[in-house]
Amino acid sequence: MPPRWPRQPDRNDPDYRKLDDRMNFAMHVAIFAPINSGLWFFHNFKAATWEWLPWLTVGWIVVLLAHLIYISAIADYSQTPPKST
């Protein structure tokens, strides 16, 4: 069940942005895990010679780590000032 938000969700709300970024990261990991494990399963099951598979796995892990570093250390979740018109 998704978390309940006590007010109308808005990307200008820093708490909502932080939660949204973390849920996006969780989805990224949830997509990576079955696709990557499935590819490795068939690679081993079929005794295939997929030279690109280790590069795909390492590349995707690097992207996941960059995503994690961004949401945990770089992203600024402070209150954004209103835009002037």
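No experiment lies behind these values; they were computed from the predicted model shown.
- Arg22 places no side-chain N or O within donor-acceptor distance of the main-chain N or O of Arg17, the cut-off being under 3.5 Å.
- For the atom pair CG (Asp13) and CG (Asp20), the distance works out to 11.0 Å, reported to the nearest 0.5 Å.
- Here the straight-line distance linking atom CG of Asn44 with atom CG of Leu39 works out to 11.0 Å at 0.5 Å rounding.
- Considering CD1 of Ile71 and CG of Asp21, their distance stands at 6.5 Å, rounded to 0.5 Å.
- Hydrophobic clustering, with ILVMFWY side chains joined whenever heavy atoms are under 4.5 angstrom apart, keeps Met23 apart from Ile69.
- Within a 6.0 Å sphere centred on CH2 of Trp55, heavy atoms belonging to other residues, nucleotides or ligands number 12 at most.
- Residue His67 holds its NE2 atom at 13.0 Å from CH2 of Trp60, rounded to the nearest 0.5 Å.
- Under a hydrophobic-cluster definition in which Ile, Leu, Val, Met, Phe, Trp and Tyr are linked whenever side-chain heavy atoms come within less than 4.5 Å, directly or via other members, Met27 and Tyr16 are assigned to different clusters.
- Taking hydrophobic clusters as Ile, Leu, Val, Met, Phe, Trp and Tyr residues chained together by side-chain heavy-atom distances below 4.5 Å, Trp52 does not share a cluster with Val62.
- Both Ile74 and Leu65 are part of a single hydrophobic cluster, where members link through side-chain heavy atoms under 4.5 Å apart.
- For Phe42, the CZ atom counts as loosely surrounded, since its 6.0 Å shell holds 12 or fewer non-hydrogen atoms of other residues, nucleotides or ligands.
- The shortest heavy-atom contact between Leu64 and Phe25 is O-CE1, 3.5 Å.
- Rounded to the nearest 0.5 Å, atoms CH2 (Trp40) and CH2 (Trp50) are 10.0 Å apart.
- The minimum heavy-atom distance between Phe32 and Thr57, with the atom names listed, is CE1-O, 4.4 Å.
- Across every non-hydrogen atom of Val63 and His28, the tightest pair is CG1-CE1, 3.6 Å.
- Tyr77 is connected to Leu68 through a chain of hydrophobic side-chain contacts under 4.5 Å among Ile, Leu, Val, Met, Phe, Trp and Tyr, so both are in one cluster.
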